[in-house]
There are 2 protein chains.
Amino acid sequence: MHANATEEDVLLTPSEVAAMFRVDPKTVTRWAKAGKLSAIRTLGGHRRYKESEVRELLGGFIPAPREAAE
Amino acid sequence: MHANATEEDVLLTPSEVAAMFRVDPKTVTRWAKAGKLSAIRTLGGHRRYKESEVRELLGGFIPAPREAAE
DNA sequence: CTCGAATCGGGTAATTTGGGTT
DNA sequence: CATGTCCAAATTACCCGATTCG
């Protein structure tokens with residue numbers, strides 16, 4: 001089992017995911033829209049992404065210790 | 001679904017709910033004000049949220065075992 | 001009664017969303 | 001087709017002092 005839908009996990013903000021991939025937050029949103037990345041929605045409509053899923057998509061590579069979305 | 005109103009239900013603090021959604025405790029308060037989330041009021045005016053309701057809003061997502069407010 | 005942490009309130013920046021365009 | 005940018009509107013995050021919780 002990798003990243004199941006009902007698995008325990010930590011949520012990341014769009015900025016944080018974008019910083020890890022070195023892309024624009026908008027791009028991360030497109031990935032979520034395309035179903036390439038599962039997203040949890042806040043009650044206001046903002047998206048939160050699972051850290052474990054992002055890690056897998058990164059191919060096990062952990063980006064430099066950069067604090068995004070501070 | 002077993003989410004009765006007057007049923008035995010664990011109450012969560014704003015910090016705990018905020019940690020589950022990866023948002024600010026203030027944001028959870030806004031959700032309660034907007035009627036998106038029902039809140040129980042303490043005698044001092046502080047809000048408490050039903051765990052069962054929060055879980056449903058999370059859409060089956062189970063946050064990592066994190067103790068937010070202890 | 002005292003104390004540290006948390007949660008009130010409001011007010012103001014920063015982020016996110018969505019569509020359309022390049 | 002994927003990504004980056006511009007725009008307006010909506011949502012969220014951080015600031016303060018005062019009050020409540022445990």
> Can you check the Asp24(A) CG to dC7(D) P distance for me, whole Å?
Replying inline: 15 Å
>> Within the structure provided, determine whether Glu53(B) and Asp9(B) are in side-chain contact (heavy-atom separation under 4.5 Å).
In response: no
> What is the distance, rounded to the nearest whole Å, between atom CZ of Arg22(A) and atom P of dA2(D)?
Replying inline: 22 Å
> Hey, is the side chain of Thr42(B) poking within less than 4.0 Å of OP1 or OP2 on dC21(D), counting only N and O atoms?
Replying inline: yes
>> Quick check: do Lys33(B) and Arg47(B) have side-chain heavy atoms less than 4.5 Å from each other?
In response: yes
>> Minimum heavy-atom separation for Phe21(B) and Arg48(A), please, with both atom names.
In response: O-CG, 3.6 Å
> What pairs with Tyr49(A) under ring pair (Phe, Tyr, Trp, His ring centres under 6.0 Å), at least two apart in sequence or on another chain?
Replying inline: none
>> If you compare every side-chain N and O of Trp31(B) against the phosphate oxygens of dT11(D) (OP1, OP2), does one of them come in below 4.0 Å?
In response: no
> Rounded to the Å, how far apart are Ile40(A) CD1 and dT12(D) P?
Replying inline: 15 Å
> Which atom names give the shortest non-hydrogen contact between Glu51(B) and Leu12(B), and what distance separates them?
Replying inline: CA-CD1, 3.7 Å
>> Please encode protein proximity along nucleotides 17-22 of chain C as a string of B, S and -, counting only heavy-atom distances under 4.0 Å.
In response: SBBB--
> Just how far, in rounded Å, is C1' of dT16(C) from CD of Glu16(A)?
Replying inline: 13 Å
> Given side chains that start at C-beta, do those of Trp31(A) and Leu57(A) come closer than 4.5 Å, heavy atoms only?
Replying inline: no
> In whole angstrom, what separates Phe21(B)'s CZ from dA13(D)'s P?
Replying inline: 12 Å
> Are OP1 or OP2 of dT11(D) and a side-chain N or O of Thr27(B) less than 4.0 angstrom apart?
Replying inline: no
> Can you find a side chain N or O atom of Thr13(B) that sits less than 4.0 Å from OP1 or OP2 on dT7(C)?
Replying inline: yes
